[in-house]
*Asks:* 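Next up is a structure, given as structure tokens.
We number each residue from 1, following the sequence as shown.
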Amino acid sequence: MKHSKHAPIIMWVALLALLALLGVALSGGRTRAQSREDFAGAKLEPQTVQADNPQTAQGDKTSPDLKRLARDARKRNKLTRVIVELNETTDAPDTKWNAYGARLARKLEHLNARVLELPAAAAAALAARGDVRYVSLDRENIPFGHVSLTSGADAVRNVNGLLARELDGTGISIAVLDSGMDLGHVAFTDRTNRTRIVVSRDFTGENRMDDPYGHGTHVASIAAGNDRIAHGDYIGIAPNANLINLRVLNSQGVGATSNVLAALDWVMQNRAAYNIRVVNMSLGGPAIDSYKNDPVCRAVRRLVDAGIVVVAAAGNNGKDSAGNKIYGAIHSPGDEPAAITVGAANSFGTDARTDDGIASYSSRGPTRGSWLDPQGARHYDSLIKPDLVAPGNKIVDAEADNNLIIKQHPELDAGVSPTDNRRMMYMNGTSMATPVVAGAVALMLQANPRLTPNMVKLILMYTAQPLANFNMLEQGAGELNIEGAIRLAKLVRTDLTNATPLGAPLLTGAAPDPHTTIANNTFIWSQGLILNRTYATGTNLETEYQKVYGTGYTLADGIIFGDNAIYSDGIIFGDGIIFGDSVLTSDGGTLGHGTPVVPVSTLAGDGIIFGDGIIFGDGIIFGDGIIFGDSTLRADACVQAMSATMAGDPAPQMLVNKDDGAN
């Protein structure tokens with residue numbers, strides 16, 4: 001169902017009156033790479049939902065998990081590490097923190113933030129300062145876990161039947177925030193046998209640059225592994241791109257938020273020196289705070305505004321132990337609108353895409369970060385995520401030497417090679433899907449270096465393939481299509497700036513045919529994009545310049561919700577664009593064709609949101625799943641998340657070809 005600008009949204013008043021408001025609060029903890037992770041913490045009280053303030057969330061300036069800690073008589077006086085986000089005008093010396101019993105642990109100059117250690121009981125007083133914007137716990141992060149052919153990468157390198165090297169990521173650097181990289185693995189060498197890992201930095205305090213955990217090596221090789229093992233059967237998406245090894249997860253696969261922020265701060269400072277155009281974040285933590293306050297989300301927004309594409313994993317909490325779908329478990333920073341958030345598709349081990357589906361463990365929207373207003377009412381972000389999906393189930397790629405994952409699960413070794421620096425392993429998860437997209441972005445930027453992050457995001461969604469029988473909260477715009485993305489990227493003008501008038505021609509020629517053929521299967525592009533709580537379609541998205549394609553915006557900045565209708569402001573978006581009135585389950589056609597699931601007005605702020613732990617009947621909102629929020633489900637999700645990385649979804653494994661040691 002669709003409607004043009006200024007048309008009213010269909011209201012489901014009778015149904016919505018029956019729904020209880022859901023509150024989700026995942027407690028502090030770790031940010032892991034998204035191989036599958038844990039949720040813990042208390043459930044927040046139900047409150048209301050409002051539409052965005054595009055810049056900040058005013059009101060309470062202390063994160064809910066930090067407030068809980070401050071109320072705990074046993075812990076409130078113990079030193080706690082926190083992230084302090086500062087207002088832009090702050091210029092006072094850092095000695096001011098001493099008055100709160102705090103010690104400066106890390107200064108994040110380019111993110112205008114500080115990492116402090118102080119008693120949790122002092123957090124409220126610190127947050128009350130006029131020069132402090134928000135204070136949150138330094139949470140832990142965890143990792144999340146035939147690709148070049150089925151994603152369309154081979155198609156853009158194949159010229160007249162010959163594998164060409166025209167597009168291979170040359171000159172583009174991908175920064176990988178993860179558990180490190182095996183610096184000696186053959187997958188990371190260039191054509192002259194030199195390493196493409198051009199710089200390594202450790203932010204964990206372990207003072208090592210390798211990958212004792214084993215997650216980062218696999219992730220990096222999916223994005224940029226070469227074709228020198230098993231005659232190219234496990235080639236990465238951008239096999240000659242440079243890699244920036246930013247180690248934020250320790251030897252156990254865990255790292256603090258401050259590690260991630262320090263790495264992002266380093267990227268801001270060094271992006272020009274190394275031509276860092278892409279950041280891969282196959283990791284995440286629970287989305288407790290609204291993205292407007294979450295320090296990692298705000299750091300991601302700074303990078304995107306500076307012209308860097310940030311690709312983030314959605315998470316691996318898409319189901320419970322009974323196999324029920326769970327909605328609302330998107331992780332931070334995947335809940336940030338400026339990030340390209342990636343869910344995991346299951347290719348079932350085939351190159352053709354006719355059998356592709358969404359991996360059952362891939363986290364679904366809507367996003368559930370929240371904030372308190374001055375009256376104590378809680379507001380949820382409720383954004384449609386992920387933005388798209390990519391292959392992430394049973395992926396074979398580089399195995400770090402002597403890594404912990406293989407020690408604990410030797411069955412994950414793929415048996416490709418007995419040589420340490422040529423071994424390959426299986427992994428599953430949105431962690432594996434994310435670098436597929438990061439590699440695709442490197443190819444797009446090599447093809448057209450003038451693309452902005454928003455243009456990249458538009459092109460990826462516009463050319464994606466909607467998968468039949470999966471809704472937008474599961475797949476976003478659809479499955480990654482690199483062939484289509486490159487074809488469209490090459491047509492985009494290279495002289496576009498923020499000063500380009502709205503409606504100016506976007507392409508240098510005629511619009512491309514919106515179809516792609518992979519493994520003898522032809523499919524249609526989505527021809528649309530996801531916009532926070534709705535979606536947009538129309539050929540003018542690809543033929544005319546929209547102001548939101550510039551830097552300093554997100555793609556949804558031109559959308560206004562009010563009076564039960566969706567409007568374009570007429571300045572950010574031009575005419576000829578249609579906005580959807582419902583989240584849909586796709587019928588396999590273009591974006592906007594399918595069966596309504598929930599009205600976008602529900603996401604936008606009717607004040608009523610989904611029931612807590614309730615399974616709705618078929619044909620009624622979320623007829624096939626549970627909204628994430630019940631504390632028992634959260635505990636169960638921890639176990640489910642970790643098991644996905646090891647087992648994945650039932651499906652044939654990729655055919656393994658042995659390596660003969662020849663480069």
*Asks:* Ignoring hydrogens and geometry beyond distance, is a side-chain donor-acceptor pair present between Asn280 and Thr434 at under 3.5 Å?
*Replies:* no
*Asks:* Start with the C-alpha distance between Phe203 and Leu177, add both sets of side-chain angles, then the distance that settles side chain to side chain contact (heavy atoms under 4.5 Å, CB included), and finish with yes or no.
*Replies:* CA-CA 10 Å; Phe203 298 95; Leu177 278 66; over 6 Å; no
*Asks:* Answer yes when Glu474 and Lys325 have at least one side-chain N-carboxylate O distance shorter than 4.0 Å, and no when they do not.
*Replies:* yes
*Asks:* Taking the side chain as C-beta and beyond, is there a heavy-atom pair between Leu261 and Asp265 under 4.5 Å?
*Replies:* no
*Asks:* Could you check if a side-chain atom of Arg247 sits within less than 4.5 angstrom of a side-chain atom of Asn259, using non-hydrogen atoms only?
*Replies:* no
*Asks:* Walk me through it: do Asn454 and Thr452 pass the test side-chain hydrogen bond (donor to acceptor under 3.5 Å, both in side chains)?
*Replies:* CA-CA 5 Å; Asn454 284 338; Thr452 66; 5.5 Å; no
*Asks:* Quiz question: by atom type and distance under 3.5 Å, do the side chains of Ser200 and Asn245 form a donor-acceptor pair?
*Replies:* yes
*Asks:* Using atom types as modelled and distance alone, determine if a side-chain donor or acceptor of Asp72 lies under 3.5 Å from a backbone N or O of Arg76.
*Replies:* no
*Asks:* With under 30° as parallel and over 60° as perpendicular, where do the rings of Phe579 and Phe573 fit, or are they tilted in between?
*Replies:* perpendicular
*Asks:* Looking at Arg129 and Leu126, would you say the former's side chain and the latter's main chain have a donor-acceptor pair under 3.5 Å?
*Replies:* no
*Asks:* What do the steps show when you test Asn498 against Tyr549 for side-chain hydrogen bond (donor to acceptor under 3.5 Å, both in side chains), and what is the final call?
*Replies:* CA-CA 8 Å; Asn498 276 26; Tyr549 298 168; over 6 Å; no
*Asks:* Decide, yes or no, whether a salt bridge links Glu109 with Lys107 under the criterion of side-chain N to carboxylate O below 4.0 Å.
*Replies:* yes
*Asks:* Could you go through the side chain to side chain contact (heavy atoms under 4.5 Å, CB included) check for Val598 and Ser582 one step at a time?
*Replies:* CA-CA 6 Å; Val598 57; Ser582 291; over 6 Å; no
*Asks:* With no hydrogens and no angle check, do the side chains of Thr95 and Asn98 hold a donor and an acceptor under 3.5 Å apart?
*Replies:* no
*Asks:* Does this structure show an ion pair linking Asp65 with Lys67, if we count only N-O contacts that are shorter than 4.0 Å?
*Replies:* no
*Asks:* Any carboxylate oxygen within less than 4.0 angstrom of a Lys/Arg side-chain nitrogen, looking at Asp94 and Arg114?
*Replies:* yes
*Asks:* Looking only at the side chains, is there a donor atom on one of Arg133 and Asn112 sitting less than 3.5 Å from an acceptor on the other?
*Replies:* no
*Asks:* Do His379 and Ser290 have side chains that approach each other closer than 4.5 Å (heavy atoms only, starting at C-beta)?
*Replies:* no
*Asks:* Report the distance from atom CD1 of Ile288 to atom OG of Ser63, rounding to the nearest 0.5 Å.
*Replies:* 7.0 Å
*Asks:* Using a strict cut-off of less than 4.0 Å between a Lys/Arg side-chain nitrogen and an Asp/Glu carboxylate oxygen, indicate whether Asp381 and Arg533 qualify as a salt bridge.
*Replies:* no
*Asks:* For residues Thr430 and Asn316, is any side-chain donor paired with an opposing acceptor at under 3.5 Å?
*Replies:* yes
*Asks:* The test is side chain to side chain contact (heavy atoms under 4.5 Å, CB included); show your working for Tyr134 and Lys292 and say whether it passes.
*Replies:* CA-CA 10 Å; Tyr134 199 74; Lys292 303 165 198 170; over 6 Å; no
*Asks:* Which is it for Asp60 and Trp371 under the side chain to side chain contact (heavy atoms under 4.5 Å, CB included) test, yes or no, and what are the steps along the way?
*Replies:* CA-CA 7 Å; Asp60 197 315; Trp371 58 283; over 6 Å; no
*Asks:* What's the shortest heavy-atom distance between Pro435 and Ser282, and which atoms?
*Replies:* CD-OG, 3.6 Å
*Asks:* Is there side-chain contact between Ile244 and Ile174, with at least one heavy-atom pair below 4.5 Å?
*Replies:* no
*Asks:* Where do Pro337 and Asn532 come nearest, in terms of heavy atoms and distance?
*Replies:* CB-OD1, 3.6 Å
*Asks:* Are the side chains of Ile340 and Leu388 in contact, using a 4.5 Å heavy-atom criterion?
*Replies:* yes
*Asks:* May I ask you to test the Asp294-Glu336 pair for a side-chain heavy-atom distance under 4.5 Å?
*Replies:* no
*Asks:* List the atom of Ala433, the atom of Gly343, and the distance in Å for their closest heavy-atom pair.
*Replies:* CB-O, 3.4 Å
*Asks:* Can we say Arg368 and Asp335 salt-bridge, meaning some charged N sits less than 4.0 Å from an Asp/Glu carboxylate O?
*Replies:* no
*Asks:* Dump the intermediate steps for side-chain hydrogen bond (donor to acceptor under 3.5 Å, both in side chains) on Asn317 and Ser363, then the final yes or no.
*Replies:* CA-CA 5 Å; Asn317 285 105; Ser363 285; 4.8 Å; no
*Asks:* Does a side-chain heavy-atom distance below 4.5 Å link Val311 with Met281?
*Replies:* no
*Asks:* If you measure only the distance, is there a donor-acceptor pair under 3.5 Å linking the side chains of Glu206 and Ser251?
*Replies:* yes
*Asks:* Could you tell me which non-hydrogen atom of Ser179 sits nearest to which non-hydrogen atom of Asp211, and how far apart they are?
*Replies:* OG-OD1, 2.7 Å
*Asks:* Contact between Leu555 and Lys457 at the side-chain level, heavy atoms closer than 4.5 Å - yes or no?
*Replies:* yes
*Asks:* Which distance, rounded to the nearest 0.5 Å, do you find between the CD1 of Ile330 and the CG of Leu383?
*Replies:* 10.0 Å
*Asks:* Would you compute the distance between atom OG of Ser370 and atom CZ of Arg378 and round it to the nearest 0.5 angstrom?
*Replies:* 4.0 Å
